[in-house]
Engineer: 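Supplied in structure tokens, the structure appears directly below.
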Protein chains: 2
Amino acid sequence: MATARPYRGVSADDRKASRREALVAATLDVVGRDGVAAATVETVCAEAGLTKRYFYESFADRDALFEALIDAMLDGVRERIGAALAGAGDSAEERTRLTADALVSFFDADRRQARLYIEAPVHPALNARREASMTGFADLIMGDVLGVDTADARVQLAGLLVVGGTTEVLSRWLAGEIDLTHDEVVDEITRIGLAVVPTTVET
Amino acid sequence: MATARPYRGVSADDRKASRREALVAATLDVVGRDGVAAATVETVCAEAGLTKRYFYESFADRDALFEALIDAMLDGVRERIGAALAGAGDSAEERTRLTADALVSFFDADRRQARLYIEAPVHPALNARREASMTGFADLIMGDVLGVDTADARVQLAGLLVVGGTTEVLSRWLAGEIDLTHDEVVDEITRIGLAVVPTTVET
DNA sequence: CCCATCTGATACGCGGACGTTTCAGATGGG
DNA sequence: CCCATCTGAAACGTCCGCGTATCAGATGGG
């Protein structure tokens, strides 16, 4: 049954896919404009110009949408950092700066994603991904960027402090509470990242 | 009207005050056990062994309770830090360690308060206080403890990064994700706090 | 041209939480 | 002793969001 049929010249799969895409985009818009808490199934559908029927066509429930959304965002961040580090040298200073710049640039360029990340704690499904990602970023920064032993609990602590602190700083800077330019923010985060490395465990 | 009358030997004011206190204590218990999101008017009243009528006798609404709760918690933290710094010398290292220890000890000793602080972002009223307090703590640490110029935007950034990062670290450590002792955590936070000071603006 | 499918809108039932109100019974003052 | 006040429990009305179901009209295949 349900022998998929073209409609207005588009195949069933294409229609479904573009509706899903519209929903994800609409959610990001709502989050960016009104915050995560405002992104209900109803408001998202209204924003997308679709009805709830199509929501449940693509997502099992609201959590599924949020998970898809934040996973896409986190993949984007990782990709951005990966690209920045791809052609980099071995200098810890250079690598740290490139990483910090990738992060700041990513969220500066798309405030919707920034708000999603910043407000992730309001929703359990988002918060779980956020926490996991912070651990991952901490490992990445301490290991791949600064080149210290991430098995050391002190290094883990330092990594989480830098990542958590950077998140807080980004949130404030994007809100206009910190009167520094993009480059100055990157400078400071880089400086702090380098300063925070436990000297006793350098490799 | 409402000519307050004693009941079971207690004055009306005393009865009301103890009910209010019971509600605050119950909220803290619920938050500690089940999280901020679980602290509804109904669950709090049930925990306190009171009914909603008494809730609205002491609080205008749920937000008022949350505000009273987090303000009390933040006052407690400030008091604890103040006491720690009261008899301290001028050494930045000593003052930083005492501050870090005060913070870690406070939340380590009362996980309910820790959970309230950590989960504050889930509720707007709590989050507003949390954000304001972080700015305040950042100023306190950079100014009163480390003795640098808090008018400098770079110092503000560093302060927020340390405070935000410390919050993240505390959250993880209390959750058992960081395998360090109380003293080791204080050591690391102290070390990082000192390392993060922008050297170009020392006073 | 006819009928199955797709679309868009709307209605529905459910549960959770809020804040208000009602009521019977316990308690204390005059 | 009587009656006003206090207590504890419960009921109520409202709102909001979820997830499902219904239905008339548009569209396309055979």
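Chain letters run A, B, ... following the sequence lines, proteins first, then strands; residues in each count from 1.
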Engineer: What integer distance in Å separates B:Asp63:CG from C:dG19:C1'?
Structural biologist: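 Roughly 13 Å, once rounded to whole Å.
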Engineer: Check the phosphate of D:dT27 against A:Tyr7, side-chain N and O only, distance under 4.0 Å to OP1 or OP2. Yes or no?
Structural biologist: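 A:Tyr7 to D:dT27 OP1/OP2: no side-chain N or O under 4.0 Å.
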Engineer: B:Lys52 side chain: which of D:dC6, C:dT20, C:dG8 is closest?
Structural biologist: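 Selected nucleotide: C:dT20.
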Engineer: Return the value, rounded to whole Å, for the distance between atom CD of B:Glu42 and atom C1' of C:dG16.
Structural biologist: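 Roughly 8 Å, once rounded to whole Å.
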Engineer: Return the nearest nucleotide to the side chain of A:Arg53; candidates are D:dC18, C:dC18, C:dT7.
Structural biologist: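 Out of D:dC18, C:dC18, C:dT7, the nucleotide with an atom closest to A:Arg53's side chain is C:dT7.
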Engineer: Counting any heavy atom closer than 4.0 Å, what does A:Thr51 reach on the DNA or RNA strands: base, sugar-phosphate only, or nothing?
Structural biologist: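 Base: the residue A:Thr51, judged by heavy atoms under 4.0 Å, touches a nucleobase.
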Engineer: Mind calculating the distance between CG (B:Leu65) and P (C:dA17) to the nearest angstrom?
Structural biologist: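 Whole-Å distance recorded here is 15 Å.
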Engineer: Verify the neighbour count for atom CG of A:Asp179: are there more than 12 heavy atoms of other residues, nucleotides or ligands below 6.0 Å?
Structural biologist: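 No - once you tally the heavy atoms of other residues, nucleotides and ligands closer than 6.0 Å, there are 12 at most.
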Engineer: Closest-nucleotide mapping onto DNA chain C: is B:Gly9 or B:Thr43 further toward the 5' terminus? I mean the 5' end.
Structural biologist: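 Taking each residue's closest nucleotide, the earlier one in sequence belongs to B:Thr43.
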Engineer: Check step by step if side-chain contact (heavy atoms from CB on, under 4.5 Å) holds for B:Asp108 and B:Trp173.
Structural biologist: CA-CA 9 Å; B:Asp108 191 20; B:Trp173 181 66; 3.7 Å; yes
Engineer: Is it true that atom CD of A:Glu94 has more than 12 heavy atoms of other residues, nucleotides or ligands lying nearer than 6.0 Å?
Structural biologist: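 Counting neighbours around CD of A:Glu94, more than 12 heavy atoms of other residues, nucleotides or ligands fall under 6.0 Å, so yes.
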Engineer: Assign A:Tyr54 to base, sugar-phosphate, or nothing according to its heavy-atom contacts below 4.0 angstrom with the strands shown.
Structural biologist: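 Base contact.
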Engineer: Whole angstroms only, please: what is the CG-C1' distance between A:Asp61 and D:dT20?
Structural biologist: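 So the CG-C1' distance, A:Asp61 to D:dT20, works out to 14 Å.
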Engineer: Report the distance from atom OH of A:Tyr56 to atom C1' of D:dA21, rounded to the nearest whole Å.
Structural biologist: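 Atom-to-atom, A:Tyr56 to D:dA21, this comes out as 13 Å.
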Engineer: With both distances kept under 3.5 Å, what pairs with C:dG8, Watson-Crick or G-U wobble?
Structural biologist: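 Answer to the pairing question: D:dC23, which forms a Watson-Crick or G-U pair with C:dG8.
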Engineer: Closest to the B:Arg62 side chain: C:dG29, C:dC6, C:dG19?
Structural biologist: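 For the B:Arg62 side chain, the nearest candidate turns out to be C:dG19.
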Engineer: Suppose we call a contact any N or O donor and acceptor under 3.5 Å apart; does that hold for the side chain of B:Arg5 and the base of C:dT27?
Structural biologist: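 Donor-acceptor pair under 3.5 Å: yes.
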Engineer: Whole angstrom is fine here: how far is it from CG in B:Asp14 over to P in D:dT7?
Structural biologist: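 Distance, rounded to whole Å: 12 Å.
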Engineer: Tell me: CZ of A:Phe55 to C1' of D:dT20, nearest whole Å?
Structural biologist: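 Nearest whole value for this atom pair: 14 Å.
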Engineer: Could you check whether the side chain of A:Arg8 and the base of D:dG28 have a donor-acceptor pair of N or O atoms closer than 3.5 Å, going by distance alone?
Structural biologist: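 Side chain to base: no pair below 3.5 Å.
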Engineer: Kindly indicate, with the supporting measurements, whether the criterion side-chain contact (heavy atoms from CB on, under 4.5 Å) is fulfilled by B:Val41 and B:Tyr56.
Structural biologist: CA-CA 9 Å; B:Val41 174; B:Tyr56 292 103; 3.8 Å; yes
Engineer: How many whole angstroms separate atom CG of A:Leu50 from atom C1' of D:dG19?
Structural biologist: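 In whole Å, D:dG19 C1' lies 17 Å from A:Leu50 CG.
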Engineer: Taking any strand in view, what nucleotide pairs with C:dG30 in a Watson-Crick or G-U wobble way, both distances under 3.5 Å?
Structural biologist: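 Partner of C:dG30: D:dC1.
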Engineer: Looking only at heavy atoms, what is the nearest atom pair of B:Ala120 and B:Ile70, with distance?
Structural biologist: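 Taking B:Ala120 first and B:Ile70 second, the nearest heavy atoms are CB-CD1, 4.2 Å.
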